[in-house]
Amino acid sequence: MSNIDRRRLEAESWLAVVHAYQTCTRRYAQMLEHFGLTVAQFDVMSAIERHREYATPKSIADDLLVTKGNVTGLISRLEAHDLLLRRRHPTDGRSFYCELTGEGKALYRRARDAAAAFVRAQLAPFDIPELEFTRDLMERMRAHLETLDPHGIADTPAENGSEHE
């Protein structure tokens, strides 16, 4: 295989992964819209349910790999819709933790069940070996991506010129 063929295949493969991810997240967001939730709001509700009385804005942000500021706005929106309550933290008077209201818990359970059904439907066409292969390949890709230095790559001159010249 020539370098140009390899580069074309690399670009096609990368675009296939990106397009699959974008379609997956768009369709997932559309499913959650049925419940009046964004993906970010659903993620916050999931983190609250996982952390229970330890669901502080910081623990939620750490869990979701976002900033505390992002979480604070989401908490306020969920609270405005009566889906969440802020409770004074029992051991730290300066802090609070989040708890889903009865309505919030009921909505979360319905959305969680629909999310699980969405994942099952999304992956239904694939048999067990294909699912295992996909999982392993994507994990290998993620691990490799973690080793790359994006700034170093950006500073490196293109090899043998660009095929677009």
Side-chain angles (χ1 to χ4, degrees), residues 9-92 94-148 150:
L9 185 57
E10 288 170 348
E12 290 169 355
S13 297
W14 185 78
L15 284 172
V17 169
V18 169
H19 289 157
Y21 172 76
Q22 289 173 336
T23 302
C24 175
T25 55
R26 179 175 45 83
R27 301 294 286 181
Y28 187 66
Q30 290 169 341
M31 183 273 306
L32 287 172
E33 283 174 7
H34 177 79
F35 301 95
L37 295 171
T38 65
V39 173
Q41 289 170 333
F42 178 74
D43 289 347
V44 167
M45 293 173 85
S46 297
I48 290 169
E49 283 297 285
R50 279 192 302 278
H51 289 274
R52 303 286 177 174
E53 67 273 8
Y54 300 105
T56 64
K58 181 180 179 348
S59 69
I60 295 167
D62 290 347
D63 189 49
L64 300 178
L65 305 174
V66 297
T67 67
K68 190 174 146 190
N70 288 346
V71 168
T72 301
L74 290 163
I75 288 169
S76 294
R77 284 190 286 287
L78 291 168
E79 186 176 41
H81 289 96
D82 297 320
L83 300 173
L84 177 146
L85 295 170
R86 297 176 201 229
R87 301 273 194 209
R88 179 135 336 263
H89 197 281
T91 59
D92 182 358
R94 299 169 297 149
S95 185
F96 67 91
Y97 70 95
C98 301
E99 179 181 320
L100 296 181
T101 63
E103 182 182 344
K105 287 179 184 182
L107 179 65
Y108 171 71
R109 281 192 297 274
R110 290 193 315 274
R112 180 199 60 205
D113 293 347
F118 176 84
V119 170
R120 283 192 305 276
Q122 177 184 1
L123 299 174
F126 305 101
D127 62 24
I128 298 296
E130 289 172 317
L131 292 172
E132 290 171 338
F133 177 77
T134 301
R135 178 203 57 211
D136 295 347
L137 185 63
M138 291 297 103
E139 179 53 32
R140 188 171 144 214
M141 179 183 281
R142 188 207 55 76
H144 173 67
L145 288 170
E146 293 293 337
T147 70
L148 297 179

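- Nearest heavy-atom pair, Pro150 versus Leu148, reported as atom, atom and distance to 0.1 Å: CD-O, 3.3 Å.
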N/O donor-acceptor pairs under 3.5 Å from side chains in residues 71-81, not counting sequence neighbours:
{"from": "Thr72", "atom 1": "OG1", "to": "Lys68", "atom 2": "O", "distance (Å)": "2.8"}
{"from": "Ser76", "atom 1": "OG", "to": "Thr72", "atom 2": "O", "distance (Å)": "3.1"}
{"from": "Ser76", "atom 1": "OG", "to": "Arg86", "atom 2": "NH2", "distance (Å)": "2.8"}
{"from": "Arg77", "atom 1": "NH1", "to": "Gly73", "atom 2": "O", "distance (Å)": "3.4"}
{"from": "Glu79", "atom 1": "OE1", "to": "Arg86", "atom 2": "NE", "distance (Å)": "2.8"}
{"from": "Glu79", "atom 1": "OE1", "to": "Arg86", "atom 2": "NH2", "distance (Å)": "3.3"}
{"from": "Glu79", "atom 1": "OE2", "to": "Arg86", "atom 2": "NE", "distance (Å)": "3.4"}
{"from": "His81", "atom 1": "ND1", "to": "Arg77", "atom 2": "O", "distance (Å)": "2.8"}

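- The existence of a salt bridge linking Lys58 and Asp62 is confirmed by a sub-4.0 Å separation between a basic side-chain nitrogen and an acidic carboxylate oxygen.
- Using cut-offs of 30° and 60° on the angle between ring planes, the pair Tyr28 and Phe42 is perpendicular.
- Taking both residues in full, the closest heavy atoms of Tyr108 and Leu100 are given as CB-CD1, 4.0 Å, listed atom of the first, atom of the second, then distance.
- Thr56 places no side-chain N or O within 3.5 Å of a backbone atom of Tyr97 that could act as its donor or acceptor partner.
- For Met138, the CE atom counts as densely surrounded, since its 6.0 Å shell holds more than 12 non-hydrogen atoms of other residues, nucleotides or ligands.
- Using a cut-off of 4.0 Å between Lys/Arg side-chain N and Asp/Glu carboxylate O, Arg135 and Glu132 are scored as not salt-bridged.
- Taking the side chain as every heavy atom from C-beta outward, Thr38 and Leu32 never approach each other to under 4.5 Å.
- Residue Ser59 comes nearest to Tyr54 through the heavy atom pair OG-O, 2.8 Å, listed as atom of the first residue, atom of the second, then distance.
- Looking only at distances, no side-chain donor or acceptor of Glu49 sits under 3.5 Å from a matching main-chain atom of Ser46.
- With a 6.0 Å radius and a threshold of 12 heavy atoms from other residues, nucleotides or ligands, Arg27 has its CZ atom at or below the threshold.
- Partners of Thr25 under the side-chain contact (heavy atoms from CB on, under 4.5 Å) rule, at least two apart in sequence or in another chain, are Tyr21.
- To the nearest 0.5 Å, atom CD1 of residue Ile48 and atom CG of residue Asp43 are 11.0 Å apart.
- Atoms CZ and CZ, on Phe35 and Arg112 in that order, are 11.0 Å from each other to the nearest 0.5 Å.
- Closest approach of Leu37 to Met45, counting heavy atoms only: CD2-SD, 3.8 Å.
- Proximity of Leu84 to Glu99: side-chain heavy atoms (C-beta onward) are nowhere separated by under 4.5 Å.
- Annotation for Ile60 and Ala55: closest pair CD1-O, 3.9 Å, computed over non-hydrogen atoms.
- A distance of 12.0 Å separates CZ in Arg142 from NE2 in His144, rounded to the nearest 0.5 Å.
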Original post:
Could you go step by step and tell me if Arg26 and Thr23 meet the side-chain contact (heavy atoms from CB on, under 4.5 Å) rule?
Top reply: CA-CA 5 Å; Arg26 179 175 45 83; Thr23 302; 3.7 Å; yes
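- The side-chain heavy atoms of Lys105 and Leu83, taken from C-beta on, include no pair separated by under 4.5 Å.
- Across Met31 and Ala115, no two heavy atoms sit closer than the pair CE-CA, 3.6 Å.
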